[in-house]
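In what follows, every heavy atom counts, from backbone to side chain, and hydrogens, waters and symmetry copies are set aside. Small disclaimer: the values here were computed from a predicted structure and weren't measured. Indexing begins at 1, ligand by ligand and atom by atom, following the structure's order.
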Amino acid sequence: MSLNIDRRSAAILGFGAYRPSTVVTNDDLAQRVDTDDDWITSRVGIKERRFADESETIVSMAVEASRDALANAGITAEDLDLVILATCTAVSQLPSAAPQVAHILGAKAPGAYDVNAACAGFCYALSQASNAIQVGDATTALVVGVEKLTDWVDPQDRSTCIIFADGAGAAIVGRSETQQIGPAVWGSAGDRPEAIIVRDRDSLMEMDGRAVFRWATTEVRPQIEKICTAAGITMRDIDVFVPHQANLRITTNMLRALDFREDVVVAKDIEYSGNTSAASIPLAIQRLVADGLARSGDKVLTIGFGAGLTYAGQIFVMP
Ligand SMILES: CC(C)(COP(=O)(O)OP(=O)(O)OC[C@H]1O[C@@H](n2cnc3c(N)ncnc32)[C@H](O)[C@@H]1OP(=O)(O)O)[C@@H](O)C(=O)NCCC(=O)NCCS
């Protein structure tokens, strides 16, 4: 027996962002730990980042980014029937944050859950939203990437406190005439949990920076060609490249071995936002849109990668 199910198509309808108001420069950090602006800009490419204050929580930042995305998509929260929130810095394990975000927005009891795939979380969540719309589980989905990494990073650890930061980015995914979101290519390396780890609820983040750098530039980079193949296009067709904003040196290193066109737009939001894990890709896209560098109809390739180790990426057409 087979079920009689129509397959639908999905597209991103709009993006939104929330950046905490406190700007922290490299000089600010140099007052706290033994580092300097030259070291930080040359090693990771970050000029400044945003730190959330006590009133800026995972839920409140997600709500603000989502309101922005809803406005940009031209819909209201009442249209949402699915909310997926990607984060690895939730304050508590129970309950998840997505139902609260949905409630505050005024959505009518949508399906709501959190995803933890660290810095790859937004790409995992985007794929789940696209799939849910294609099979008919949902008609309109909100996907949020949100992090408050400053809760989990040791402010005295100069190898991590200069990299990680806070913020939220969101996307609305809805029905479309044609499929505008490609299949996700994803994977993991569970033999390296210690590369980026918070050991238990009383611990802060530890990172083996060299191991992460090596993995991203050797094992993650080849996935980019697979993402194009999965979507039935080539790297030369890509207009905008939005890798997880982990570290500008990782992006530069990846680009050396990729066959993008010379005029491909490359996201560099890391310079002003730092590494915001699951929030980094939608935040970077929002900045490209605001700067007029990503336009409607552009083919965008995203790839998230980080703790787990996990990665995921896909191509989508800009709304
Ligand atoms: C973190 C990273 C910049 C460190 O650079 P590195 O060249 O590997 O540096 P090392 O860790 O070997 O440390 C080199 C020296 O710099 C020092 N150092 C580390 N952080 C520093 C800082 N903020 N300022 C000044 N010196 C610093 C180290 O203590 C070490 O000093 P030592 O030689 O006297 O012991 C680099 O490994 C990296 O970019 N990794 C990827 C991290 C990442 O992207 N994580 C997010 C993934 S989602």
Side-chain angles (χ1 to χ4, degrees), residues 24-49 51 86-89 115-124 145-150 152-167 169 186-190 192-198 204-221 223 242-256 266-271 273-284 302-313:
V24 178
T25 64
N26 293 341
D27 288 341
D28 293 334
L29 291 178
Q31 315 241 330
R32 187 206 285 171
V33 292
D34 183 13
T35 190
D36 57 65
D37 180 49
D38 268 0
W39 197 96
I40 300 172
T41 46
S42 64
R43 299 294 180 104
V44 292
I46 300 172
K47 295 176 179 158
E48 60 185 41
R49 73 285 288 144
F51 284 179
T87 189
C88 61
T89 52
V115 167
N116 181 350
C119 305
F122 181 80
C123 295
Y124 276 88
V146 55
E147 302 287 5
K148 193 168 178 180
L149 283 144
T150 48
W152 297 94
V153 167
D154 180 352
Q156 300 304 325
D157 177 357
R158 66 178 181 170
S159 68
T160 52
C161 78
I162 58 147
I163 294 178
F164 295 101
D166 306 327
W186 54 30
S188 57
R192 279 159 274 173
E194 308 249 331
I196 308 178
I197 191 167
V198 177
L204 296 171
M205 186 197 291
E206 297 166 43
M207 180 179 75
D208 178 349
R210 289 195 171 196
V212 176
F213 195 98
R214 204 176 316 117
W215 170 73
T217 53
T218 57
E219 293 176 52
V220 176
R221 185 174 58 197
Q223 308 307 322
V242 188
H244 165 46
Q245 304 291 287
N247 176 329
L248 197 55
R249 267 173 66 225
I250 291 181
T251 302
T252 308
N253 193 301
M254 280 181 165
L255 282 170
R256 273 192 216 121
V266 179
K268 291 183 182 159
D269 189 40
I270 181 92
E271 292 179 337
S273 300
N275 180 334
T276 57
S277 192
S280 92
I281 286 175
L283 277 173
T302 61
I303 184 157
F305 50 87
L309 298 165
T310 58
Y311 63 82

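Counting only heavy atoms of the protein, atom 11 (O) of ligand 1 lies nearest to R210 NE, 4.6 Å. In this structure, atom 30 (C) of ligand 1 lies nearest to the protein heavy atom R158 NH2, 4.5 Å. Among protein heavy atoms, atom 15 (C) of ligand 1 sits closest to W39 CZ2, 4.7 Å.
Side-chain contact annotation: S273 with D269, donor-acceptor N/O pair under 3.5 Å present.
Residue I163 has no N or O atom closer than 3.5 Å to an N or O atom of ligand 1. Checked against a 3.5 angstrom limit, the closest N/O atoms of N275 and ligand 1 fall outside it. Remark: ligand 1 and R43 share an N or O pair separated by less than 3.5 Å (distance only, no angle test). By the 3.5 Å distance cut-off applied to N or O atoms, N247 is counted among the residues near ligand 1.
Within ligand 1, counting atoms from 1 as listed, the ones closer than 4.0 Å to a heavy atom of C119 are 48 (S). Near F305, with a cut-off below 4.0 Å to any heavy atom, the atoms of ligand 1 are 48 (S). Within the listing of ligand 1, atoms 48 (S) sit less than 4.0 angstrom from a heavy atom of H244. Counting the atoms of ligand 1 from 1 in the order shown, those under 4.0 Å from a heavy atom of D34 are 24 (N), 25 (C).
There is no protein heavy atom less than 4.0 angstrom from atom 13 (O) of ligand 1. Taking a distance limit of 4.0 Å, we find that atom 2 (C) of ligand 1 is approached by no protein heavy atom. Shown here, atom 48 (S) of ligand 1 is in close reach of the protein: a heavy atom of it lies under 4.0 Å off. Per-atom contact check: atom 34 (O) of ligand 1 does not touch the protein, criterion being a heavy-atom distance below 4.0 Å. Counting protein heavy atoms under 4.0 angstrom from atom 44 (O) of ligand 1 gives one or more.
Contact of the F305 side chain with the T310 side chain is not registered, since no non-hydrogen atoms from C-beta on lie closer than 4.5 Å. The closest side-chain heavy-atom distance from Q245 to N275 is not below 4.5 Å. Residues M205 and D154 form no side-chain contact, since every pair of their non-hydrogen atoms from C-beta on lies 4.5 Å or further apart. Counting heavy atoms from C-beta on, the side chains of E194 and D208 never come closer than 4.5 Å. Residues T276 and R49 fail the side-chain proximity criterion, which asks for heavy atoms closer than 4.5 Å. A 4.5 Å side-chain heavy-atom check between D34 and R158 finds at least one atom pair inside the cut-off.
Residue contacts with ligand 1 leave out D36, since none of its heavy atoms falls under 4.0 Å from the ligand. Proximity of V212 to ligand 1 is established by a heavy-atom distance of less than 4.0 Å.
Expressed to the nearest 0.5 Å, how far CD1 of I40 lies from CD1 of I46 amounts to 8.0 Å.
Closest heavy-atom approach to atom 22 (C) of ligand 1 within the set I162, D37, T35, N26: this belongs to T35. Looking at G209, A120, G304, S280, it is G209 that brings a heavy atom closest to atom 41 (C) of ligand 1.
Only side-chain heavy atoms of V44 come within less than 4.0 Å of ligand 1; its backbone N, CA, C and O stay farther off. Under 4.0 angstrom from ligand 1, the non-hydrogen atoms of I250 all belong to its side chain.
Side chain of E147 to backbone of T89: a donor-acceptor contact under 3.5 angstrom is found. The main-chain N or O of M254 is never found under 3.5 Å from a side-chain atom of T217 such that the two would form a donor-acceptor pair. For the pair N253 (side chain) and I250 (backbone), a donor-acceptor distance under 3.5 Å is absent.
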Using side chain to side chain donor-acceptor pair (under 3.5 Å), reason through S159 and D157 one step at a time and then give a plain yes or no.
CA-CA 6 Å; S159 68; D157 177 357; 2.8 Å; yes

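Using cut-offs of 30° and 60° for the angle between ring planes, the W215 and Y311 rings count as tilted.
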